[in-house]
Protein chains: 2
Amino acid sequence: MKIMKVETNRLGQAKDEFIAQWGALGTQWGISRTMAQIHALLMISPRAMCTDEVMEELAASRGNAHSNLKELVNWGLVRMIVIKGDRRDFYEAEKDVWQIFTIIARERKRREIEPALSLLNKCAEETKDLRSAEAKAFHNQVKQLEEFVGFASKMSDRISSMKHGLALQLATKILS
Amino acid sequence: MKIMKVETNRLGQAKDEFIAQWGALGTQWGISRTMAQIHALLMISPRAMCTDEVMEELAASRGNAHSNLKELVNWGLVRMIVIKGDRRDFYEAEKDVWQIFTIIARERKRREIEPALSLLNKCAEETKDLRSAEAKAFHNQVKQLEEFVGFASKMSDRISSMKHGLALQLATKILS
DNA sequence: CATAATTTTCATTAAATACTGAAAATACAG
DNA sequence: CTGTATTTTCAGTATTTAATGAAAATTATG
């Protein structure tokens with residue numbers, strides 16, 4: 001085993017724990033454990049990594065590493081990097097927290113809010129001219145949900161498109 | 001088959017679609033399909049329902065209906081109701097959208113934000129006095145995440161504890 | 001107390017999701 | 001073109017999560 005300072009070892013342990021736990025959290029957030037682990041690994045890596053390094057670090061299969069890297073690039077949380085004179089693809093994570101937040105917010109809106117909103121639109125529309133008391137009650141409830149979710153959708157857009165500084169300013173006002 | 005007005009049938013179809021689709025959405029939100037379906041069913045039901053009615057409406061098993069009803073009561077999205085002269089337990093959903101929102105926000109914070117925050121706290125703490133450049137970079141990245149997530153946590157609390165009207169006022173300001 | 005209605009539990013089964021590893025496809029260098 | 005490094009795909013397997021249904025426990029009723 002390589003000789004190393006106690007400090008280096010402590011750092012390694014902290015990193016490993018971070019990666020392992022971030023992976024576990026990922027499953028709570030609806031993304032696969034490996035995807036969250038790769039994200040954690042790259043967020044704290046001082047340099048871009050290639051597929052084999054990721055595989056080794058996480059003891060994951062090639063297919064798994066590959067598809068999750070692709071997915072992360074898709075989300076925009078990770079960028080592919082070309083290093084000249086090297087045929088391999090390298091990957092590095094977006095590290096700015098506000099960027100990370102807006103990317104995740106956009107994705108969640110797309111997956112969680114928009115489909116709900118379109119369902120609510122449809123149900124409200126389909127029942128808007130029914131006259132029975134029961135139908136009116138249904139229409140009313142759906143309408144309330146529709147308005148709220150529509151609101152949430154707009155809010156999400158607005159906040160995501162803010163500059164970090166401006167958002168911070170707004171947040172400070174709310175927290176004060 | 002029972003004779004019914006066209007209107008009644010249209011309403012029934014809209015309800016069925018709403019329940020089915022809300023269930024499908026539930027899986028995106030990290031809750032089981034049945035739980036989301038029961039929630040939808042009760043949100044649009046004009047009266048409280050007993051376990052057997054829920055089972056029948058959703059073609060779900062007793063155990064499934066039971067455990068998901070229990071879970072919904074646990075969240076606070078559904079209340080158990082006692083009807084005198086009837087031994088069965090009845091259930092009714094919270095219908096106020098702002099209430100629904102705050103309940104879900106609280107639960108999500110508990111499951112998604114708090115564990116992340118405690119991990120970040122721990123990792124920042126464990127590396128705060130390491131001096132290598134690599135350690136400092138790690139500590140710095142974790143710290144940034146910690147600050148942001150801590151911020152999000154406070155925001156979530158603040159907004160959830162607002163009265164609907166006040167939140168609306170705030171939102172209007174942001175959207176304007 | 002006996003019994004009937006209802007709720008609760010839980011071992012088993014089914015369904016959904018994530019991962020593996022090897023083979024096929026692609027890209028590049030000589 | 002040929003051989004090699006690398007990426008991509010995907011059928012098969014493993015893991016995780018949700019649902020079933022029947023049995024046990026509980027609760028009310030006469």
Chemist: May I ask you to say what B:R88 touches in the nucleic acid, namely base, sugar-phosphate or nothing, with a heavy-atom cut-off under 4.0 Å?
Modeler: sugar-phosphate
Chemist: With a 3.5 Å cut-off and no angle check, do the side chains of B:N68 and B:S32 form a donor-acceptor pair?
Modeler: yes
Chemist: In whole Å, I'd like the distance from the CG atom of A:D52 to the P atom of D:dT8.
Modeler: 13 Å
Chemist: When the distance from CD1 of A:I31 to P of C:dA16 is rounded to whole Å, what number comes out?
Modeler: 22 Å
Chemist: Between C:dC19, C:dT7, D:dA19, which nucleotide gets closest to the side-chain atoms of B:R33?
Modeler: D:dA19
Chemist: Contact class for B:T34 (heavy atom, under 4.0 Å): base, sugar-phosphate, or nothing?
Modeler: sugar-phosphate
Chemist: If you define the side chain from C-beta out and look only at heavy atoms, does anything of B:L69 sit under 4.5 Å from B:L42?
Modeler: yes
Chemist: Any chance CD of A:E114 has more than 12 other-residue heavy atoms, nucleotides or ligands included, within less than 6.0 Å?
Modeler: yes
Chemist: Mind calculating the distance between CD (A:Q28) and C1' (D:dT16) to the nearest angstrom?
Modeler: 13 Å
Chemist: Roughly how many Å is it from CD1 in A:I81 to P in D:dT6, rounded to a whole number?
Modeler: 18 Å
Chemist: Nearest to the side chain of B:D89, heavy atoms from C-beta on, is which of C:dT7, D:dA5, C:dC19?
Modeler: C:dT7
Chemist: Is the distance from OP1 or OP2 of D:dT9 to the nearest side-chain N or O of A:K70 less than 4.0 Å?
Modeler: yes
Chemist: Could you tell me how far apart B:H66 (NE2) and C:dT6 (P) are, to the nearest whole angstrom?
Modeler: 15 Å
Chemist: Rounding to an integer number of Å, can you tell me how far B:R62 CZ sits from D:dA18 P?
Modeler: 22 Å
Chemist: If you only use heavy atoms from C-beta on, which nucleotide in D:dT27, C:dG21, D:dT6 is closest to the side chain of B:R87?
Modeler: D:dT27
Chemist: Should A:S32 be listed as having a side-chain N or O under 4.0 Å from OP1 or OP2 of C:dC19?
Modeler: yes
Chemist: Could you check whether A:K136 pairs with A:D129 (Lys NZ or Arg NE/NH1/NH2 to Asp/Glu carboxylate O, under 4.0 Å)?
Modeler: no
Chemist: I want to verify a distance call: between D:dT20, C:dT6, D:dT6, whose nearest atom is closest to the B:A60 side chain?
Modeler: D:dT20
